[in-house]
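Numbers restart at 1 for each chain; the letters A, B, ... are given by sequence-line order, proteins then strands.
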2 protein chains.
Amino acid sequence: MTRITNRIRRLRFDHSEMTQEELAQRAGCTRQTIIALEQGKYVPSIELAFKIALAFGVTLEEVFQYEG
Amino acid sequence: MTRITNRIRRLRFDHSEMTQEELAQRAGCTRQTIIALEQGKYVPSIELAFKIALAFGVTLEEVFQYEG
DNA sequence: GCATAATGTAAAGTATGCAATACATTAATT
DNA sequence: AATTAATGTATTGCATACTTTACATTATGC
């Protein structure tokens with residue numbers, strides 16, 4: 001019932017097809033976490049959300065959206 | 001060891017001294033959660049962070065900062 | 001066909017966000 | 001001084017983010 005969506009998978013491919021592994025390393029989390037996030041299995045903490053946005057060089061809102 | 005800070009308390013006073021109770025109601029959480037957040041006792045979920053930003057009418061980054 | 005890279009699935013354990021409840025303290029007003 | 005509003009402290013409990021480890025599947029290239 002969360003209202004948070006993300007564009008991680010799309011952003012990965014927009015960024016020269018960055019692999020899940022590489023994104024995980026850049027964001028300082030495990031590959032499993034990236035997989036789960038892409039599949040919408042859970043919503044990241046704010047800290048991880050910021051790190052992922054940083055890994056892509058975009059703002060948090062460009063990666064994660066709140067569907068009010 | 002989290003690197004997340006917030007400006008909730010300042011924003012409350014910038015918004016006609018909104019009380020913790022009123023902010024809690026607008027954000028859909030309890031007053032205890034607002035208190036704990038202001039005291040830096042924990043970091044909110046992304047969902048709550050978005051709701052708080054909405055309550056103030058600002059972006060998430062204007063409320064929460066990642067100290068890289 | 002085989003090797004390798006990329007992605008996916010599964011399960012167990014730790015840490016913590018947040019609610020809920022109850023009580024204490026500090027203004028501010030009359 | 002007494003009342004009320006605002007803020008703070010403390011505790012219990014549940015849900016879930018995230019890690020770790022291990023194994024399975026699906027490309028892609030030689």
Among side-chain atoms of B:Glu22 and B:Thr19, is any donor-acceptor pair under 3.5 angstrom?
no
Please tell me which of A:Met18 and B:Lys41 maps to the more 5' nucleotide of DNA chain C, matching each residue to the nucleotide holding its nearest heavy atom.
A:Met18
Between D:dC18, C:dG17, C:dT7, spot the one nearest the side chain of A:Thr19, thanks.
C:dT7
It should be established whether A:Arg31 places a side-chain nitrogen or oxygen under 4.0 Å from OP1 or OP2 of nucleotide D:dC18.
no
With nearest nucleotide decided by heavy atoms, which residue, B:Gln32 or B:Pro44, maps closer to the 5′ end of DNA chain C?
B:Pro44
Parallel, tilted or perpendicular: rings of B:Phe50 and A:Tyr66 (30°, 60°):
parallel
Phosphate OP1/OP2 of D:dC18 contacted by A:Ser45 side-chain N/O (<4.0 Å):
yes
Are B:Gln20 and D:dG8 close enough that a side-chain N or O sits under 4.0 Å from OP1 or OP2?
yes
B:Asn6 has an atom CG; how far is it from atom P of C:dC18, in whole Å?
12 Å
Phosphate OP1/OP2 of D:dT9: any B:Gln39 side-chain N/O under 4.0 Å:
yes
For B:Gln65 against B:Glu61, the heavy-atom pair lying closest together
NE2-O, 3.2 Å
Where is the tightest heavy-atom contact between A:Ile52 and A:Ala27, given as atom of each residue plus distance?
CG1-CB, 3.9 Å
If only side-chain N and O atoms of B:Thr30 are considered, is one of them under 4.0 Å from the OP1 or OP2 phosphate oxygen of C:dA19?
yes
What's the closest nucleotide to the side chain of B:Glu38 if the choices are C:dT9, C:dC18, D:dG8?
D:dG8
